[in-house]
Amino acid sequence: MFTSYEFIGFLLLVFALYYLFPKRMQWILLLAASFLFYFSAGRSYPAFIIATGLTVYGAGRWMARQDKKLEIYSRQIKNGEIPKPSREEKKAFKKKLNGKKKRIMLLCLFVNLGILAVVKYANFAIDNVNPLMQMAGKQTFSHVDMIIPMGISFYTFQAVGYLLDVYWNKCEPQKNAFRFLLFVSFFPQLIQGPISRYGDLSKTLYEEHDFRWKNVRFGLERVLWGYFKKLVIADRISAAVMMLTEDPQYYTGAFVVVEMLFYAVQLYADFTGGIDITIGIAEAFGIRVEENFIRPFFSKNIAEYWRRWHISMGAWFRDYVFYPLSISRPLKAVTSFCKKRFGMGAARRAAVYISTVAVWLATGIWHGAAWPFAAWGLANGAIILISEELTPCYEAFHAKFPKLGRSTIYRAFQVIRTFFLMSCLRLFDNYGSVRVSANQFISMFTRFDLRAVTRQELIDMGLSMKDYAVVGLGALLMFAVSMAGRNGSVREKLSKKPYLVRFTAFAALFFAVLLLGSYGVGFDARQFIYNQF
């Protein structure tokens with residue numbers, strides 16, 4: 001939707017009204033714009049996001065009341081307003097309130113994760129239960145005709161993060177229900193995130209913002225850069241990616257390597273382009289949205305890659321799934337059992353291994369309700385755990401060859417190795433089948449013949465040589481901008497250049513989007529890859 005003419009018109013109207021409105025009402029305009037945007041995507045969608053917003057808001061306020069009761073109780077004891085209770089009585093009172101607070105949190109989690117599970121995973125569950133029902137001679141279930149609201153995974157996770165932060169007393173609950181609805185529904189984030197934390201986004205979301213030309217200019221420059229990546233690079237190369245993945249029996253061997261390279265370019269340009277548009281729009285409104293990518297293709301291992309790619313998602317699973325699960329009572333029991341039977345080493349690993357597997361299985365299923373996504377997630381987790389186990393070997397190797405570890409050639413090898421591993425894992429995403437993905441991976445080693453990738457074969461994928469030239473130059477430009485951004489903001493550096501240089505750079509980018517963007521038949525400029533989540 002970001003790249004439709006309707007959205008651009010909508011954005012310009014909201015932007016104009018935003019700075020004309022009284023400052024104290026700017027957040028109200030954003031709330032109205034967010035629900036209008038969501039309503040335009042699907043008339044029933046607002047009902048889902050309102051249900052999530054109000055239940056989480058209500059739970060947050062309800063939990064806060066339990067904390068307030070404890071605070072009043074302690075103050076009354078201190079001031080002598082009530083007889084001083086025994087230590088056991090104080091402990092029992094606190095336990096009662098904390099127990100109620102926990103039940104409120106769990107009920108709200110059940111409701112909202114339940115909504116997400118039903119609308120997104122009901123048919124996946126039915127597909128896996130039906131074979132068992134057939135084996136037992138029972139009647140099978142029919143698919144549920146269910147609407148999947150746009151961005152439901154993103155806004156649900158954002159709301160759940162707030163709920164748990166309030167439960168853990170990491171943030172104060174929002175007292176205004178409409179302000180909280182804005183946090184959940186802020187329209188630039190609805191399509192593909194990032195998954196913002198309340199403590200971060202609320203700092204600028206509700207503030208009164210004056211018109212500042214630098215914020216507006218920087219924001220629009222970033223939006224333009226996002227459009228370039230999406231329309232000129234991602235949407236153009238998508239035709240070739242589609243051709244390669246739709247005929248896996250023909251495009252094997254060297255073509256799988258080509259597909260992995262093309263899809264990496266498409267996914268990065270598409271996803272980061274959308275995030276650039278999100279952050280740029282928010283910046284033009286004076287609102288800060290956290291970065292979601294920090295040069296992921298420069299990572300030296302997969303763990304580092306996931307600290308740089310889709311940062312908000314990785315941080316969410318780490319803070320709200322991995323850590324709570326690893327210190328939960330069931331895992332403490334497992335750790336204790338392993339310690340008694342197998343020693344301290346096994347005990348330390350047990351909680352980490354189980355939590356890691358659970359997190360990556362959940363991450364895979366979050367990306368899509370299908371077994372290839374689950375396999376993708378588990379494969380990521382397995383490689384990270386194996387790398388962790390091999391850490392002593394790496395350290396011994398680097399201790400024996402210290403100069404090699406610091407060399408540019410070795411670091412380049414690490415980056416290329418990580419890129420290749422991540423591209424191989426994305427085969428599960430590309431082909432939509434665990435079996436086909438495995439066959440395509442094997443074919444890279446058994447049928448590899450680079451001579452098969454001829455000029456005519458490349459053209460038969462739906463792109464002309466001019467298209468490949470545009471994609472290649474665009475990819476080089478993305479690489480150059482990433483390199484330039486290692487030592488500070490590229491926009492800040494450009495802002496210090498003479499006006500003519502700045503004007504020429506962004507005029508060239510604007511006309512590149514206008515003239516080279518993919519708008520024709522076969523291209524869907526309205527759809528981002530991560531819309532499905």
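The figures that follow rest on heavy atoms only: side chains count, while hydrogens, waters and symmetry mates do not. Note that the structure is a prediction, hence the values are computed from the model and not measured.
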> Looking at Trp376, is Arg426 sitting on its ring face, NZ or CZ under 6.0 Å from the six-membered ring centre and within 45 degrees of the normal?
Replying inline: no

> Between the main-chain N or O of Ser153 and the side-chain N or O of Thr156, is there a donor-acceptor pair closer than 3.5 Å?
Replying inline: no

> Thr418 side chain to Asn301 main-chain N or O, any donor-acceptor pair under 3.5 Å?
Replying inline: yes

> Is a side-chain donor-acceptor pair under 3.5 Å present for Tyr251 with Glu259?
Replying inline: no

> Thinking salt bridges, do Glu457 and Arg455 make one under a 4.0 Å N-O criterion?
Replying inline: no

> Are His143 and Asp127 linked by a side-chain donor-acceptor pair shorter than 3.5 Å?
Replying inline: yes

>> Is a donor from one side chain sitting under 3.5 angstrom from an acceptor on the other, for His310 and Asn292?
In response: yes

>> For Thr252, is there any backbone N or O sitting under 3.5 Å from a side-chain donor or acceptor partner on Arg447?
In response: no

> When you measure from the side chain of Ser437 to the backbone N and O of Leu427, does any donor-acceptor pair fall under 3.5 Å?
Replying inline: yes

> Could Glu304 and Arg411 be called an ion pair, given the rule that one side-chain N must be under 4.0 Å from one carboxylate O?
Replying inline: no

> Are Asp276 and Lys230 close enough for a salt bridge, meaning some N to O gap below 4.0 Å?
Replying inline: no

> Relative to each other, are the rings of Tyr162 and Phe180 parallel, tilted or perpendicular (30° and 60° limits)?
Replying inline: tilted

> Under the criterion side chain to side chain donor-acceptor pair (under 3.5 Å), which of Trp360, Tyr305, Trp306 is the partner of Asn380?
Replying inline: Trp306

> Parallel under 30°, tilted from 30 to 60°, perpendicular over 60°: which one fits the rings of Trp316 and Phe157?
Replying inline: parallel

> Shortest non-hydrogen contact from Ile384 to Ala303?
Replying inline: CG1-N, 4.4 Å

>> Looking at Glu221 and Arg502, is there a salt bridge between them, counting it only when a charged N and a carboxylate O are closer than 4.0 Å?
In response: no

